[in-house]
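Here is how names work: the chains are called A, B, and so on, in the same order as the sequence lines, proteins then strands, and each is numbered from 1. Predicted model only: the values in this text are computed from it and were never measured.
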2 protein chains.
Amino acid sequence: MRSDTLFVSSLEKGFRVLRVFRQAQRELGLRDLSLTEIAKLAELDKSAAQRFTNTLVTLGYLNKNPRTRRYSPAIGLADFYYTYVLSNRIAEIAMPRMIEASKRFDTTVNLCELSGSDIVYTIRIPHEKARYEATVPGRRVPAFCAAGGVVILANQPAEEREAVLNGSEFRAYTDHTITDPEAVQTRLETARRNGFDIGESQIIVHEISTAAPVFNSEGRAVAALQIPVYMPLWDLESTREKIVPLAIETARAISYSL
Amino acid sequence: MRSDTLFVSSLEKGFRVLRVFRQAQRELGLRDLSLTEIAKLAELDKSAAQRFTNTLVTLGYLNKNPRTRRYSPAIGLADFYYTYVLSNRIAEIAMPRMIEASKRFDTTVNLCELSGSDIVYTIRIPHEKARYEATVPGRRVPAFCAAGGVVILANQPAEEREAVLNGSEFRAYTDHTITDPEAVQTRLETARRNGFDIGESQIIVHEISTAAPVFNSEGRAVAALQIPVYMPLWDLESTREKIVPLAIETARAISYSL
DNA sequence: ATACAGAGTATTGAATAATAATACTCATCT
DNA sequence: AGATGAGTATTATTATTCAATACTCTGTAT
C-alpha cells in the first residue's frame, strides 16, 4: 500500500491554485483573480495563496497585473500542452489525416480522448466559426452525452464503461440532451453496432456531432474522431450521407496507422 | 526586496519534473522516461524524483506505464492550455478572423506571442500537412529570426527590443537563418517600415513565413499573425502578392477589435 | 476631511512536510 | 550463482512551509 509520504502536498496546492482560474472562467466568467479570490477558491489561507501565486508568477505560469494586482494564466502554461501533444502518438498520426478530412466539406474536425468521465478535445482543426471555447484544444465535456465519448465508451470493456457511467452525472446541457439511463444505454448499443454515433444538440444547441472510434492495435477504443456540423446548413440526412462516411473513413485510417 | 520565503521550492521541483519531458523530446527524441532518467534530467535525487512523479501521476499530469514503469505526459496537462487560452483575449478575438483568413488561399494561419526571447504559437489553424510540431499550439521558436518575432520586436520600445535581443543566441537553424547582428537589425528596421516581415527558410527549410503585427489599444505590438507557405507551391513573388496583404489585413482586423 | 475595513505585503517562530540516506526487492546481465 | 542497477519502501532528521500577525495602502462610508 502506497504511503502518503510519497505525496507532495505543496505541489498539489500549487496546482490547486492553477485550477481555480478554470473554475473562475466557468463559474464566474472571470479572466483574472485577486489574491483574496484565489485564497478563497483554492481553500488556502492568505499567506499560502501569497506564496504559491508568487512562485507561479516567478516560474512563468501566472501573470500579475502590477496596476490591478490581479492574476491571470500565463503563456508558460502552453508549454505543458505542447509537451503533452508531442508525446501523444495518436494525435501525431491523426493530425495529417484530420487536416485532409477537414477540407472535404469544409468542416471542423476534432480528436478527443477519454479522461475520467469526460472527454478532452486534444486536437482541433477549426474550420467554421463557433463558440470560442469550442475551437480551442483542451475543452472537457462529459463523455456520456458527447458523440465522441459515446463511441469510445461503446467500444470499451463493459466494466470500464460502467465505471465511467457510474461516475457521471447525467445532467442535461440542452433540452435535447439524452439523460435517461436506459436511453443512454440504448444510444451506446446503437453506436457500437453502427460503428459511429450522431448526437444532435447534446451539448451545443444546433450542433450535429458525428464521431467514430479510433482503435489501437489491441482493438481498444483509445480516441474518437469527431466532426461537428451546424443546423440549418446541415441536417441529419445530409450528415448521414456525407459526414458519417468521412468520420468512419478518417478514424479507420488513423486506427490502421497506430 | 522580495524575500525567498515567498518562493515554494517544492512547487518548482514539481514543475522541473514536468519540464524534463519537453527536454527529453527535444534532446533525446524520447516520448517517455524512466524514474532514473527523470532524476538525472531534473537534477533531483532518487527519492525526490519518486515523490514528485508519484504526486504528478496521482494528480493526473503524468502517466505511468505499469508494465514498462516509464512515465509520460498525461492529458491533464491540456487543461492548463485551455485555461490559458480562455483567458487570452487576443486569441479569442483573433480566432474567427484566423479561421476566415485560412480559407482565402487554403493556408495554415497562426497567432504568436512573445515570451522571453522566444515566440510561442498560441493559436494554430492547421491547413496544410507540415511537420507535426509545426501544427500544434505551444511550440516555441526564437523571436530574433522567426517572422512573427521580428514584427513584434520591430514594433516595441527600443530598450525592450534590445533586452530581448541581448538575451538571444543568434544561432542558425538552417543555412538561410539570418544571424549576423547587423543583418538582424536591418531586417527589424525593414519590418517596422513595411508593416510586415517575410522570412524564407529561417527555421524550417522551404518555408516562407509571413507575419504582421497585432497592436493593442495603446499601440503596442502584443502578438503577430503569421502565415507559413511552402516552396515550391509558393515563391516570394506570389507570397508578396497574395499572402502579405492577407496577413496585414487580418492582423489589422484583430488589432481594431482589441 | 476623517475613520474604518479589507486587500495586499512582509515578517518570523514553530510545526510538520519534505528530505535524503538507506534497506530491500526484482530483473537483467555476465 | 553473483553482481549491478532500477525501482520501491522506510524513517530519522531538518529545513521548508505554515500561519499568525504586524504593517501599508486604497477605497468607501460618514
Comparing nearest nucleotides in DNA chain C, the 5'-proximal residue of the pair A/Thr68, A/Ser10 is A/Thr68
Under a 4.0 Å heavy-atom criterion, the protein footprint on nucleotides 20-27 of chain C, written with B, S and -, is BBBB----
So, with a heavy-atom separation below 4.0 Å from DNA chain D, the residues of residues 20-35 of chain B are B/Ser34, B/Leu35
Atom pairs and distances, donor-acceptor, side-chain atoms in residues 144-159 of chain A, under 3.5 Å, two or more places apart:
unit_1: A/Asn155; atom_1: ND2; unit_2: A/Val151; atom_2: O; d: 2.8

B/Leu41 atom CG is separated from D/dA6 atom P, nearest whole Å, by 13 Å
Here the distance between atom P of C/dG8 and atom CG of A/Leu44, to the nearest Å, is 14 Å
inquiry  = Would you say the rings of A/Tyr81 and B/Tyr84 are close, in the sense that their centroids are separated by under 6.0 Å?
reply    = no
Worksheet item: Is a side-chain donor-acceptor pair under 3.5 Å present for A/Ser9 with A/Glu12?
Response: no
- Measure centre to centre between the rings of A/Phe21 and A/Tyr71, then say whether the value is under 6.0 Å. no
Go through B/Thr53 and B/Leu35 one step at a time and tell me if the side chain to side chain contact (heavy atoms under 4.5 Å, CB included) criterion holds. CA-CA 8 Å; B/Thr53 53; B/Leu35 184 67; 3.4 Å; yes
note: A/Arg67, atom CZ; D/dT26, atom P; distance rounded to Å ~ 14 Å
From CG of B/Asp4 across to C1' of D/dT16 the rounded distance in Å is 12 Å
Q.
Please tell me whether A/Tyr61 and A/Phe80 form a close aromatic pair, meaning their ring centres lie under 6.0 Å apart.
A. yes
Of A/Glu37 and A/Ser9, the one whose nearest nucleotide on DNA chain C sits closer to the 5' end is A/Glu37
Taken in chain and number order and not counting sequence neighbours, the residues that satisfy side chain to side chain contact (heavy atoms under 4.5 Å, CB included) with B/Arg69 are B/Lys64
By side chain to side chain contact (heavy atoms under 4.5 Å, CB included), B/Lys40 pairs with (sequence neighbours left out) B/Thr36
Whole-Å distance, A/Phe52 CZ to C/dG8 P, equals 18 Å
A/Arg70 atom CZ is separated from C/dG8 atom P, nearest whole Å, by 8 Å
Rounded to whole Å, the CG-C1' distance (A/Leu11 to C/dA18) equals 12 Å
Testing C/dG8, D/dT17, D/dT8 for proximity to the side chain of B/Val8, the answer is D/dT17
Residues pairing under salt bridge (charged side-chain N to carboxylate O under 4.0 Å, His left out) where one sits in residues 139-158 of chain B, two or more places apart or in two chains, turn out to be A/Asp79-B/Arg140, B/Asp118-B/Arg140
A/Leu6 CG to D/dT11 P, in whole Å, measures 13 Å
